[in-house]
Amino acid sequence: MSWPYPRMVAHRGAGRLAPENTLAAIRLGASFGYAMFEFDVKLAGDGVLVLMHDATLERTTDGAGRVAGHAFGELARLDAGSWHSAAFAGEPIPTLERVARWLLRNGRMANIEIKPCPGREAETGAAVALEARRLWQGAATVPILSSFSEEALEAARRVAPELPRALLFGELPEDWAQRCLALGCVALDAHEATLTEPVIASAHRAGLRVIAYTVNDPARAEALIGWGLDSLITDAVDLIAP
Ligand code: G3P
Ligand code: MG
């Protein structure tokens with residue numbers, strides 16, 4: 001696959017400088033010149049796709065309980081910014097649709113991480129893929145869909161095979177290449193600490209691109225890029241030039 005994505009991708013919007021997975025974070029990342037954004041998407045209780053990392057609300061909102069236990073109308077009233085800092089008080093949990101519209105309007109790209117709530121892997125993978133296809137229809141560059149869940153990626157492939165996929169790994173298992181290829185992925189999406197020059201070269205030989213997360217040290221970023229890394233996900237949008 002040709003690789004239309006930029007080398008640098010902002011993690012959860014703008015890393016740690018703004019509340020993760022909000023439009024405020026994406027706007028801030030964009031103000032640093034970032035052209036592509038990684039964010040986490042899951043299903044609310046009523047099937048609306050929202051940006052949220054955790055399965056529960058406590059860490060990043062003033063709500064409580066499971067995301068899957070709330071309809072979007074309830075989630076929309078929560079404050080997803082105050083936990084970060086007062087300047088972001090009242091920042092809402094955005095839908096995938098709202099974020100897609102902003103990105104498209106501003107010519108920015110997306111790495112949608114499918115982050116299913118436990119037990120909703122296939123349902124979430126299929127829902128994200130169908131919504132991404134609908135929202136990005138006719139766009140110059142479609143989002144890349146990534147997930148730690150092979151079940152979610154398989155479901156995404158079933159409903160929207162044309163959308164590019166990447167399989168995420170924490171530890172890199174021996175059969176990482178076979179598992180990426182079995183899902184028809186275009187990229188290996190690996191924890192940066194597991195990547196070496198030979199691993200990147202072997203991915204490329206297998207026809208896979210390589211994405212690394214989450215690289216916050218500029219020297220490490222430079223080394224990985226020197227080894228041929230295709231894209232790098234970072235929190236350090238203020239330290240690593242886009
Ligand atoms: O998509 C890469 C990275 O975001 C995976 O880890 O926990 O930050 O979603 P996490
Ligand atoms: Mg993520």
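Indexing begins at 1, ligand by ligand and atom by atom, following the structure's order. Hydrogens, waters and symmetry mates are skipped; everything else that's a heavy atom, side chains included, is used.
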* At a 4.0 Å threshold, what atoms of ligand 1 neighbour a non-hydrogen atom of Arg12? -> 7 (O), 8 (O), 10 (P)

* Which atoms of ligand 1 are found less than 4.0 Å from any heavy atom of Lys115? -> 7 (O), 9 (O), 10 (P)

* **Atom of Glu113 closest to the Mg ion (ligand 2), considering N, O or S atoms** => OE1

* Run the numbers for me: atoms of ligand 1, each under 4.0 Å from some heavy atom of Leu168, listed by number. => 1 (O), 2 (C)

* Are the side chain of Glu113 and the backbone N or O of Ser147 linked by a donor-acceptor pair below 3.5 Å? -> no

* Please confirm whether Asn111 comes within less than 3.5 Å of ligand 1 when only nitrogen or oxygen atoms on both sides are compared. => no

* To do: State whether the shortest distance between N or O atoms of Ser146 and N or O atoms of ligand 1 falls below 3.5 angstrom.
  => no

* **SB check Arg158 Glu154 (cutoff 4.0 Å)** => no

* N/O donor-acceptor pair under 3.5 Å between Glu58 side chain and Gly65 backbone -> yes

* Structure fact -> Per-atom filter on ligand 1: closer than 4.0 angstrom to a heavy atom of His53 are 7 (O), 8 (O), 9 (O), 10 (P)

* Asked: Same cluster or not: are Val99 and Val50 linked, directly or through other Ile, Leu, Val, Met, Phe, Trp or Tyr residues, by side-chain heavy atoms under 4.5 angstrom apart?
  -> no

* **Atoms of ligand 1, numbered as shown, that sit under 4.0 Å from any heavy atom of Phe148** => 5 (C), 6 (O)

* Structure fact -> Closest to atom 5 (C) of ligand 1 among protein heavy atoms sits Glu113 OE1, 3.3 Å

* Under 4.0 Å from a heavy atom of Glu38: give me the atoms of ligand 1 that qualify, with their elements. => 1 (O), 2 (C), 3 (C), 4 (O)

* Can a donor-acceptor pair be found between the side chains of His204 and Asp230 at a distance below 3.5 Å? -> yes

* Asked: In Glu38, the N, O or S atom nearest to the Mg ion (ligand 2) is which?
  -> OE2

* May I ask you to decide if Arg108's main-chain N or O and Asn106's side chain share a donor-acceptor pair within less than 3.5 Å? => no

* Structure fact -> Looking at Asp40, the N, O or S atom sitting nearest the Mg ion (ligand 2) is OD1

* Asked: With a 4.0 Å cut-off on heavy atoms, is Thr214 touching ligand 1?
  -> no

* Asked: Where the side chain of Arg165 meets the backbone of Leu183, is there a donor-acceptor pair that is under 3.5 Å apart?
  -> yes

* Please determine if Asp189 has a nitrogen or oxygen closer than 3.5 Å to a nitrogen or oxygen of ligand 1. => no

* Is the number of heavy atoms from other residues, nucleotides or ligands under 6.0 Å of Glu162 CD greater than 12? -> yes

* For Tyr213, is at least one N or O under 3.5 Å away from an N or O on ligand 1? -> no

* With Asp54 as reference, evaluate Arg59, Lys115, Arg66 under the salt bridge (Lys or Arg N to Asp or Glu O under 4.0 Å) test and give the passing residue. => Arg59

* Asked: Would you say Asp40 has any N or O atom under 3.5 Å from an N or O of ligand 1, going by distance alone?
  -> yes

* Asked: Just checking, any donor-acceptor pair under 3.5 angstrom between side chains of Asn111 and Ser146?
  -> yes

